[in-house]
Enquirer: 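Structure below; questions to follow.
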Protein chains: 2
Amino acid sequence: MNNYTEILRQHNLKATPQRLEITNALYTSGHISIENLYDVMLKKFNSISLATIYKNINLMLEASFIQEVKIPNEKSVYELTKETHSHIICDSCGEIRDIELNLDSVISNAAQSSNYNIKKSALILSGTCKNCQ
Amino acid sequence: MNNYTEILRQHNLKATPQRLEITNALYTSGHISIENLYDVMLKKFNSISLATIYKNINLMLEASFIQEVKIPNEKSVYELTKETHSHIICDSCGEIRDIELNLDSVISNAAQSSNYNIKKSALILSGTCKNCQ
DNA sequence: TATTAAAAGATAATAATTATCCTTTAAGTT
DNA sequence: AACTTAAAGGATAATTATTATCTTTTAATA
C-alpha cells in the first residue's frame, strides 16, 4: 500500500488510483503545473479526463493537502503541503526550488508598520541558478 | 496635459485617451483587477472594448510601465511600476497595501544557501488589517 | 459480496484571454 | 493646419482555461 493512501484519507479524500498518481507526480516533481500534470497522468491513465485533474486539484486545495504557488510571469504550479517555506525560481532554466528562510523579523517589522495581524507570507525569489550562471 | 502623457511616451506607448484613463485608474486605485478596470473604463468610454483593456495591459507590462501582482487565492491585480516593494492584503476586507520592507538580509541568506544570483523578490503578506481586527 | 456515496470519464457550458479585421487616430512631417 | 502612416481602438470570432452536468464505475464500509 502506497504510503499516501492514509494521508489522502486523513484529508477526507478517497484514495483512488488517479489521486495516488497525482500525489506521486507532485511528490516526484516537487512542483507541477496543470498541463504538465495532465501529460504525466495520461501516461498512466490513457483516458483520464482533464476534468478529473481539475476536480482533484480543487478538492486537494480545499482539503489543504496541496498548495498553489503563483509565480510572477509563469503559470501556477502545485505542491504537496509541507512546512512553511519560500520559493526560488531560475529565470533561465525555470527550476523551482523550495527554500527555508526565516522571515520572522521581516514579518514583525511589517506588522508594526502596517498594524496588520499577519498570518501568512508568500515569498518568491528569482534569479539565476548555479548551473545557468 | 496630464503628467502621464510624457511617461507613456517614454515607454513607447502612444498617449491615447484610453491609456491615460487606464493610467489614472491604476494611480487612483493603487491596485486593480482586469474586471474592475473594465468597469471603471466603461464609465468614461461607454463603448470601450475588453480587448482594448487586455491589449493595453499586456503592452504596458511588456514596457514595464506596470506590474502584475499575483495574490494567493485572488485574481491578479496591476499597479504602476514604482520602487521595489512588498504587498500586504487583508483577508477580511481585501484591502491591498504596498509596504516597504528591507529584505536584504533574507535575500543574502537565500543567495548563500541556494547559490542563486538573486535579482528579484515578490513578497505578499496576508492577515487582518487594523479596521477588521 | 452487497450497498452507496463519491469519483471518473465524456462532453457541454462558461469564463478568460487572444487573434483578426476593419475603422479611427496620435504623432510626426510637410 | 492638412497629410501620411503606423499604431490603436472597437467589434467580434477564435482559442484556451476552467467548471458544470450527467452517466458509469469504484472505493470504502457493512
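In what follows, chains carry the letters A, B, and so on, assigned in the order in which the sequence lines appear, proteins first and then strands, with residues in each chain numbered from 1.
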Enquirer: Would you say D/dA7 has OP1 or OP2 under 4.0 Å from some side-chain N or O of B/Asn12?
Expert: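 Indeed not, no polar side-chain atom of B/Asn12 lies that close.
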
Enquirer: Mind listing the closest non-hydrogen atom pair of B/Ile71 and A/Lys70 along with its distance?
Expert: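 Answer, listing the atom of B/Ile71 first, then A/Lys70: O-NZ, 3.1 Å.
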
Enquirer: Tell me which nucleotide among D/dG9, C/dT17, C/dA27 gets nearest to the side chain of B/Arg9.
Expert: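 My answer, after comparing the listed nucleotides, is C/dA27.
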
Enquirer: Remember a base hit wins even if backbone is also touched, and classify B/Ile34 as base, sugar-phosphate or nothing at under 4.0 Å, heavy atoms.
Expert: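 Nothing, no heavy atom under 4.0 Å.
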
Enquirer: Measure from the side chain of B/Arg19, starting at C-beta and using heavy atoms only, and say which of C/dA5, C/dG9, D/dA8 lies closest.
Expert: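 When the side chain of B/Arg19 is considered, D/dA8 is the closest of C/dA5, C/dG9, D/dA8.
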
Enquirer: Taking atom C1' of C/dA7 as reference, at what distance in whole Å does atom CE of A/Met41 sit?
Expert: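 Whole-Å distance recorded here is 13 Å.
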
Enquirer: For a quick test of reading the model, state the closest non-hydrogen atom pair linking B/Ser114 to A/Ile88 and the distance between them.
Expert: OG-CD1, 3.5 Å

Enquirer: What's the NZ-P distance between A/Lys55 and D/dT21, to the nearest Å?
Expert: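 For the pair A/Lys55 NZ and D/dT21 P, the rounded distance is 12 Å.
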
Enquirer: Need to verify one output field. Residue with the more 5' nearest nucleotide on DNA chain D, B/Leu13 or B/Ala51?
Expert: B/Leu13

Enquirer: D/dT19 P sits how many Å from A/Asn56 CG, rounded?
Expert: 13 Å

Enquirer: Are A/Leu103 and A/Ser86 close enough that some pair of their side-chain heavy atoms sits under 4.5 Å apart?
Expert: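 With C-beta onward as the side chain, the pair touches.
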
Enquirer: Closest heavy-atom contact between B/Cys90 and B/Cys129?
Expert: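 The answer is SG-N, 3.3 Å.
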
Enquirer: Please determine, for the side chain of A/Ser47, which listed nucleotide (C/dT17, D/dT19, C/dA10) has the closest atom?
Expert: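 Within the option list, the nearest is C/dA10.
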
Enquirer: Closest to the A/Thr16 side chain: D/dT19, D/dA11, C/dA7?
Expert: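 The nucleotide sitting nearest to the side chain is C/dA7.
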
Enquirer: Roughly how many Å is it from CD in B/Glu62 to P in D/dA8, rounded to a whole number?
Expert: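 For the pair B/Glu62 CD and D/dA8 P, the rounded distance is 11 Å.
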
Enquirer: To the nearest Å, give me how far apart CG (B/Leu20) and P (D/dG9) are.
Expert: 10 Å

Enquirer: Provide, to the nearest angstrom, the distance between the CG atom belonging to A/Leu61 and the C1' atom belonging to D/dT19.
Expert: 14 Å

Enquirer: Only one of B/Arg97, B/Gln133, B/Glu95, B/Lys130 forms a side-chain hydrogen bond (donor to acceptor under 3.5 Å, both in side chains) with A/Tyr116, so which one is it?
Expert: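 With A/Tyr116 as partner, side-chain hydrogen bond (donor to acceptor under 3.5 Å, both in side chains) holds for just one option, B/Glu95.
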
Enquirer: On DNA chain C, compare the nucleotides closest to A/Leu50 and A/Leu59; which residue's is nearer the 5' end?
Expert: A/Leu59

Enquirer: May I have the distance from A/Tyr38 (atom OH) to C/dA8 (atom P), rounded to whole angstrom?
Expert: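 Atom-to-atom, A/Tyr38 to C/dA8, this comes out as 14 Å.
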
Enquirer: Rounded to the nearest angstrom, tell me the gap between atom CD1 in B/Ile22 and atom P in D/dG10.
Expert: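 About 10 Å, once rounded to whole Å.
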
Enquirer: Quiz question: going by heavy-atom distance under 3.5 Å, is there a donor-acceptor pair between the base of C/dG28 and the side chain of B/Lys14?
Expert: no

Enquirer: Tell me whether the side-chain N/O atoms of A/Thr52 come closer than 4.0 Å to OP1 or OP2 in C/dG9.
Expert: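 Result: yes.
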
Enquirer: Looking at CD1 of B/Ile96 and CD1 of B/Ile32, how far apart are the two atoms once the value is rounded to the nearest 0.5 Å?
Expert: 10.5 Å

Enquirer: Taking OP1 and OP2 of D/dT19, is either one under 4.0 Å from a side-chain nitrogen or oxygen of A/Tyr54?
Expert: no

Enquirer: B/Gln18 has a side chain; which of D/dA17, D/dT18, D/dG9 sits nearest to it?
Expert: D/dG9

Enquirer: Give a yes/no answer on whether the side chain of B/Asn58 brings an N or O atom under 4.0 Å of OP1 or OP2 in C/dT17.
Expert: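 So the side-chain polar atoms of B/Asn58 never come under 4.0 Å of the phosphate oxygens OP1 or OP2 of C/dT17.
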
